[in-house]
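Following: one structure in structure tokens, then a few remarks.
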Amino acid sequence: MSATAFIEARDFLLRHRTDYDTAVRDFRWPRLDRFNWALDYFDGIGKEADRPALWLVNEDGSEVKLSFREMTARSNQVANYFRSLGVKRGDRMLLMLGNVAPLWECMLAAMKLGAVIIPATTLLTHDDLADRFARGRVRHVIAGAEAAPKFAGLAGDYGRIAVGGAAAGWQRFEDAYDASAAFKPDGVTRASDPLLLYFTSGTTAKPKLVLHSHQSYPVGHLSTMYWLGVRPGDVHLNISSPGWAKHAWSCFFAPWNAGATVFVVNQPRFHARALLDIIVRSGVTTFCAPPTVWRMLIQEDLGSWKVALKEVIGAGEPLNPE
């Protein structure tokens, strides 16, 4: 089994979560040749686990909860659908979605196909997209139907798949759920094969391209799993927007490396009290947020909420001592 070395490394870190010295001294990165995290590892959980893999809670109280088994089946359907639309190994797919279940299904499906994912924030402008198309050599686009007009002036022979509604000239993502839930890969995935192509934020200069492999992100974020303290059965909440690397670290790879639930709260405008209510009601056990969020949370009377949190962390910028 190509995931054996990965699982052994993961289990070592879980066993030594509270013994940092031993973890640092004795941990060894797994040596991998053939490795596809979605097929070799995630689907192994999906064959036997009915516990929640993905749990999305919206501001209006509605929610989506999908098990590991359901995510395996759905991602297989999406992979088969993408294949029917001409997506091939090595094709670059720009993924521009909010925190909706298809985002996670598309990530897994693309990995299974051997396609290269270019995550993109929904805030990108037409000029931003034109730059990503040119430098990223985009072959397919998956975006919310409401974002389709942003692509109207982008010429080229690229596939278009719309999520959450109809858009003229675009395929309907929801048709994927009619595809077979049994997926067979077209070949071997090497650990060194390309997986993710990220554009940096461009804070001080033009955004740069950063290519990650099937080893560097899935395996590399064993360290993120350890640092967050997330363990099997945990409900992990990370405050981050799709399209940025932090979202992949803490809303995808790290929690699922641990076999935990990815928990996401969709708040169009951040509201500290509402977030704390949801954290309590949903039994969130591990929590990661940028210091901006922590500064807003500590303005509340935190003693009024009885949380189940075991591990919390701030990341992304300096955090004031208080």
Side-chain angles (χ1 to χ4, degrees), residues 13-14 17-18 20 51-66 97-101 103-104 107 119-123 198 200-201 203 221-322:
L13 290 178
L14 291 174
R17 175 62 184 89
T18 58
Y20 181 77
R51 65 180 182 274
L54 180 64
W55 188 358
L56 309 177
V57 176
N58 300 311
E59 194 172 47
D60 62 5
S62 62
E63 60 180 54
V64 174
K65 189 183 289 189
L66 296 167
L97 294 174
N99 280 319
V100 292
L103 172 70
W104 283 264
M107 287 276 287
T121 170
T122 56
L123 299 178
Y198 268 104
T200 61
S201 59
T203 304
H221 287 296
L222 287 172
S223 62
T224 308
M225 177 196 78
Y226 188 85
W227 188 249
L228 292 170
V230 64
R231 305 191 189 196
D234 275 342
V235 177
H236 179 69
L237 168 61
N238 169 61
I239 305 294
S240 182
S241 298
W244 302 113
K246 173 63 175 168
H247 194 274
W249 304 347
S250 298
C251 290
F252 194 88
F253 289 112
W256 281 350
N257 275 349
T261 300
V262 172
F263 185 82
V264 175
V265 179
N266 281 318
Q267 284 186 314
R269 186 178 180 84
F270 181 78
H271 192 284
R273 294 181 65 84
L275 180 67
L276 287 163
D277 287 341
I278 293 171
I279 286 174
V280 172
R281 184 172 70 248
S282 304
V284 173
T285 55
T286 55
F287 179 41
C288 182
T292 301
V293 168
W294 286 111
R295 293 188 189 103
M296 298 176 74
L297 289 173
I298 64 173
Q299 294 177 25
E300 302 294 334
D301 177 16
L302 296 179
S304 300
W305 286 271
K306 186 173 177 57
V307 300
L309 292 169
K310 298 183 295 184
E311 302 270 359
V312 298
I313 193 168
E317 59 191 33
L319 178 63
N320 295 351
E322 64 271 22

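Aromatic pair Trp104/His247: centroids less than 6.0 angstrom apart. Here the two rings, on Phe253 and Trp249, have centers that are 6.0 Å apart or farther.
In terms of heavy-atom proximity, Glu311 sits nearest to Gly229 at CG-O, 3.9 Å.
Using a 4.5 Å heavy-atom cutoff, the side chains of Ile239 and Pro290 are in contact. Using a 4.5 Å heavy-atom cutoff, the side chains of Arg273 and Trp305 are in contact.
Asn266 places no side-chain N or O within 3.5 Å of a backbone atom of Leu56 that could act as its donor or acceptor partner. Arg51 contributes a side-chain N or O that, together with a main-chain N or O of Gly259, makes up a donor-acceptor pair within less than 3.5 Å. Under the 3.5 Å distance criterion, the side-chain polar atoms of Thr285 are left unmatched by any main-chain donor or acceptor of Ala308. The closest donor-acceptor contact from the side chain of Asn58 to the backbone of Asp60 lies at 3.5 Å or more, if one exists at all.
Enclosure of atom CH2 in Trp227 is not indicated, since only 12 or fewer non-hydrogen atoms of other residues, nucleotides or ligands lie within 6.0 angstrom.
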Item to complete: Start with the C-alpha distance between Val307 and Ile279, add both sets of side-chain angles, then the distance that settles side chain to side chain contact (heavy atoms under 4.5 Å, CB included), and finish with yes or no.
Response: CA-CA 7 Å; Val307 300; Ile279 286 174; 4.1 Å; yes

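Here the rule is side chain to side chain contact (heavy atoms under 4.5 Å, CB included) with Trp55, and of Val262, Thr261, Val64 only Thr261 fits it. The side chain to side chain contact (heavy atoms under 4.5 Å, CB included) with Leu237 is formed by just one residue from the set Thr286, Val265, Ile278, Val57; it is Val265.
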